[in-house]
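All chains are named by letter (A, B, ...) in the order of the sequence lines, taking the proteins before the strands, and each is independently numbered beginning at 1.
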Amino acid sequence: MKILYLNLGGCNGCDIELLAGVVRVVEKIGRELPSPDHGIRSRSYDITIVTGPGTLGNLCRIVRDLERIGGEVDLGHVIVLGSCACGGGIWYDSYMVCGGWDMFLRELISRGFRIRYRSVTYVTGCPVRPEDVEKVLVQLLHSYPNLISSLT
Amino acid sequence: MYRQARKGEKMVRGYPVHDPERCIGCGACSNVCPTDSINVDRKENKIVWIHNVARCIRCCYCVDNCPTGALSVGDEYSMIADSLDKLFIVHELDSARCTSCRDYVPYSINVISYLSDKALKVDLKCERCRLGNVLKVIEKVRKL
Ligand code: SF4
Ligand code: SF4
């Protein structure tokens, strides 16, 4: 299983809660999750976890990554964590900020990149609760058993 | 909110819960919200109170600033959905009417009971009628 973890300029609040949530998931399913990629290095992923409001600096980084791999990526199941990633949070109208994952995706698609994903789940809260991260990840892993079976 | 928290009433600061039976549609909550996640839309004959929970950061400034107590700190913190459209809370309130010309005023119908609860003797008038009164007074003064 390949996991992509994108911090699009978040404050690390959601990232810490994500860590706490992942520890709970590992305890629950009894298997270790693979360490994630922090930038797009491969053409297909099973799970993508997004935090942060989507700053333009990160947009440049992701655009560079996408150009390197040929402009086409399958993100798999996208989990959008936190108020910032869901709708921009307190930065929704700041300069240098796209304003959430949807807007970020729109920026990427308008630049001609082909981005596919299977599902999106929005988890709100500032920051998100570890219980919610656990709930969403465990639900995802149980509804797609081939994801668990690919774990060692 | 902080008053509630200090008393130990709330352990979890959930997203604000809106009571459409008490809201007067004043828009104080939408003015103080740091993320602009509350919108009070004044349509012709109704007021639409919209809360975008996706963007709300659970700071509860809106609860502190609501004059009627229509908003309260909720117990529910998490909201998970597979589409952003499901993260909106929308309440429609009927607008109150002007006492003299029966036109709609930019407050909801709950404003009448709110004013009577506060024992305020305010005649609910639309802008045109209020302006009309002022113009009459000005004319009187001019004639003197
Ligand atoms: S009465 Fe309270 S909830 Fe209603 S618009 Fe005013 S501040 Fe907002
Ligand atoms: S809790 Fe804070 S962010 Fe949420 S609606 Fe109220 S003022 Fe806005």
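Within a 6.0 Å radius of CD in B/E21, no more than 12 heavy atoms belonging to other residues, nucleotides or ligands are found. More than 12 heavy-atom neighbours from other residues, nucleotides or ligands sit within 6.0 angstrom of CD on A/E67. Heavy atoms from other residues, nucleotides or ligands lying under 6.0 Å from CE of A/M103 number 12 at most. Open room surrounds OH on B/Y107; 12 or fewer heavy atoms of other groups in view lie less than 6.0 Å from it. In this structure, A/W91 places its CH2 atom where only 12 or fewer heavy-atom neighbours from other residues, nucleotides or ligands lie under 6.0 Å away. At most 12 heavy atoms of other shown residues, nucleotides or ligands fall within 6.0 angstrom of atom CZ in B/R128.
A pairwise comparison of heavy atoms in B/A54 and A/C86 identifies O-CB, 3.6 Å as the closest pair. The shortest non-hydrogen separation linking B/C56 to A/S83 is O-OG, 2.9 Å. The two atoms that bring A/K135 and B/I80 nearest to each other are NZ-CD1, 4.3 Å, heavy atoms only. A/Y92 and B/D36 get closest at one heavy-atom pair: OH-OD2, 2.7 Å.
Of the atoms belonging to A/T121, heavy atoms from both backbone and side chain fall under 4.5 Å from chain B. Contacts of A/V136 with chain B are made by side-chain atoms alone, with heavy-atom separations under 4.5 Å and no backbone atom involved.
Atom-to-atom distance recorded for B/Y77:OH and A/C126:SG is 6.0 Å, nearest 0.5 angstrom. Here the CG atom belonging to A/D102 is positioned 9.0 Å from the OG atom belonging to B/S83, to the nearest 0.5 angstrom. Here B/N52 contributes atom CG and A/T124 contributes atom OG1; the two are 9.5 Å apart, rounded to the nearest 0.5 Å.
With chain A as partner, the option from B/G14, B/P34, B/A81 having the largest number of non-hydrogen pairs under 4.5 angstrom is B/A81.
Using modelled atom types, one finds a donor on one side chain and an acceptor on the other under 3.5 Å when comparing B/S78 with A/D132.
A/I16 and A/L6 end up in different hydrophobic clusters when Ile, Leu, Val, Met, Phe, Trp and Tyr side chains are linked at under 4.5 Å. No chain of hydrophobic side-chain contacts below 4.5 Å, direct or via other Ile, Leu, Val, Met, Phe, Trp or Tyr residues, connects A/V23 to A/L141. No continuous path of hydrophobic side-chain contacts links B/I50 to B/M79 [ILVMFWY only; heavy atoms under 4.5 Å].
At a threshold of 4.5 Å between non-hydrogen side-chain atoms, the residues A/Y122 and B/D82 do not count as touching.
Counting only distance, with no hydrogens or angles, the side chain of B/R55 and the backbone of A/G89 share no donor-acceptor pair below 3.5 Å.
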